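Numbering of ligands and ligand atoms starts at 1, following listing order. No experiment lies behind these values; they were computed from the predicted model shown. Residue numbers start at 1 and run along the sequence shown.
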Amino acid sequence: MRIFGAVAVALICLADAAPLESRASAAKSDALTAQGAKNLIVYVAKNGYPNSQKCNARNTAVRREWSTLKAAEKTDYINAVKCLAKKPAKTPASMAAGAKNRYDDFVAAHVNQTLSIHGTGNFLTWHRYFTWAYEQTLRNECGYKGYQPYYNWPMWSDDPRKSPALDGSATSLSGDGAFVPGRTNTCIPSPDQCGVSIPPGNGGGCVTSGPFKDWQVNLGPVAPVVAGLTPNPEFTGLGYNPRCLRRDISRAAASGWSKDTDIVSLIANSPNISTFQNTMQGDFASGFLGVHTAGHFTVGGDPGGDLFVSPADPYFFLHHAMIDRTYWTWQNQDPAKRITAVGGTITLNNMPPSRDALLTDTLNMGYVGAPEVTIQEASSTLGGLFCYVYA
Ligand SMILES: *[C@@H]1O[C@H](CO)[C@@H](O)[C@H](O)[C@H]1NC(C)=O
Ligand SMILES: *[C@@H]1O[C@H](CO)[C@@H](O)[C@H](O)[C@H]1NC(C)=O
Ligand SMILES: [Cu+2]
């Protein structure tokens, strides 16, 4: 059993310190994650670790839900994020004048590639690699000792403002924005194609409490859902446009599309990667938001509701770690078939029509400072540069 230590630890941690009621509201999807972890143990027992010199049971990291972190671990994470925003950018000003700090390098890379990393065959692996590069940068450049935490949607879908990640406390990522009255519904994908309509919540303005109340958003907007923002000086959104972090936490988005049954249905009713990633990313014209966009609109606001600039809200990485956990869970329902499964093309929703994505396609992190890797190298969380599992 010892050689499968990390995965076994992951299984045990599913029953961790979170409030019982919240754990219960994610019980069925968490059971699929636990089943996936067991399947992965069997798979690795048969086939070995992909690169056992580099990644094995003794050094596999375990990513956990925010609520299960100790207060000191949360504080370390928060401080490391703030530290990134104090370090100089690696992005040359000539490439993105709005990339003012190391945190912005991540935002700029995402803004720059938005149209080729969403609704595409590289969506899941690109965001997996992006989130890993962020975790590693927090560790290597800002002294963070832990691993990337995630936000388990169904645990908090009844009331996201009660989650320890978004409750506005000193150990959260700050909470809701200040209430702005008189707002209209948000239409997705856009005001003229109102496939999904989300009512305003209790926020809408700048975040006023918690560790990120003075957080500065520098890039964008590109596709804002907040009215009255100063436009970016560059049409690319890469110019400098400093402003506050705005949120409008949405029970409607969270409870409409990210409950336990939504996650179970996504995983259990997706026989192949195309169905899985398409369902995850929604079908707006049919009024189905999908868990990816629902998770973004759980905080909404600016930059959270902007497809391009959303990583400028630190919540992004907890949400995308959960996207990755859900992908990992889906993969591990049938590791032999699913770890290297790729579907979809290289253009957003295949518009304009393009070739299929391939395992040999590369994932580029811009000025984040991580090497190009192939989709294949990013397909296993125990292979390539990676070495982690989820609790
Ligand atoms: C994927 O599964 C769907 C059903 O969810 C099916 O209609 C589709 O043909 C499958 N695609 C491939 C490539 O097997
Ligand atoms: C944006 O992408 C282009 C083309 O891939 C690249 O040349 C450029 O350096 C990128 N800019 C940033 C800020 O990442
Ligand atoms: Cu994205």
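- Atoms of ligand 2 lying under 4.0 Å from any heavy atom of M95, numbered from 1 in the order shown and given with element: 8 (C), 9 (O).
- Listed by chain and number, the protein N, O or S atoms at a distance under 2.8 Å from the Cu ion (ligand 3) are H110 NE2, H118 NE2, H127 NE2.
- Side chains of S255 and D158: no donor on one and acceptor on the other come within 3.5 Å.
- For atom 2 (O) of ligand 2, the protein comes within 4.0 Å by at least one heavy atom.
- Judged by distance alone, the side chains of N202 and D248 never bring a donor and an acceptor atom under 3.5 Å apart.
- No N or O atom of T91 sits closer than 3.5 Å to an N or O atom of ligand 2.
- The closest approach between P271 and ligand 1 falls below 4.0 Å for a heavy atom of the residue.
- Annotation: cation-pi geometry satisfied between R63 and Y388 (NZ/CZ under 6.0 angstrom from ring centroid, within 45° of ring axis).
- Within the 4.0 angstrom cut-off, atom 7 (O) of ligand 1 has no protein heavy-atom neighbours.
- Ranking protein heavy atoms by distance to atom 10 (C) of ligand 1, first place goes to N272 ND2, 2.4 Å.
- For atom 14 (O) of ligand 2, the closest non-hydrogen atom of the protein is N112 ND2, 3.2 Å.
- Nearest heavy atoms, S25 versus S22: OG-O, 2.8 Å.
- What sits closest to atom 4 (C) of ligand 1 on the protein, heavy atoms only, is T275 OG1, 3.8 Å.
- Between T374 and E377, the side chains place a donor N or O and an acceptor N or O closer than 3.5 Å (distance only, hydrogens not considered).
- A salt bridge links R102 to E141: at least one charged side-chain nitrogen sits closer than 4.0 Å to a carboxylate oxygen.
- In the model, T33 has a side-chain atom that pairs as donor or acceptor with a side-chain atom of T329 under 3.5 Å.
- Side chains of W156 and E65: a donor on one and an acceptor on the other come within 3.5 Å.
- In this structure, D262 CG and W257 CH2 are separated by 9.5 Å, a value rounded to the nearest 0.5 Å.
- If you check the side chains of H292 and H118, you find no donor sitting under 3.5 Å from an acceptor.
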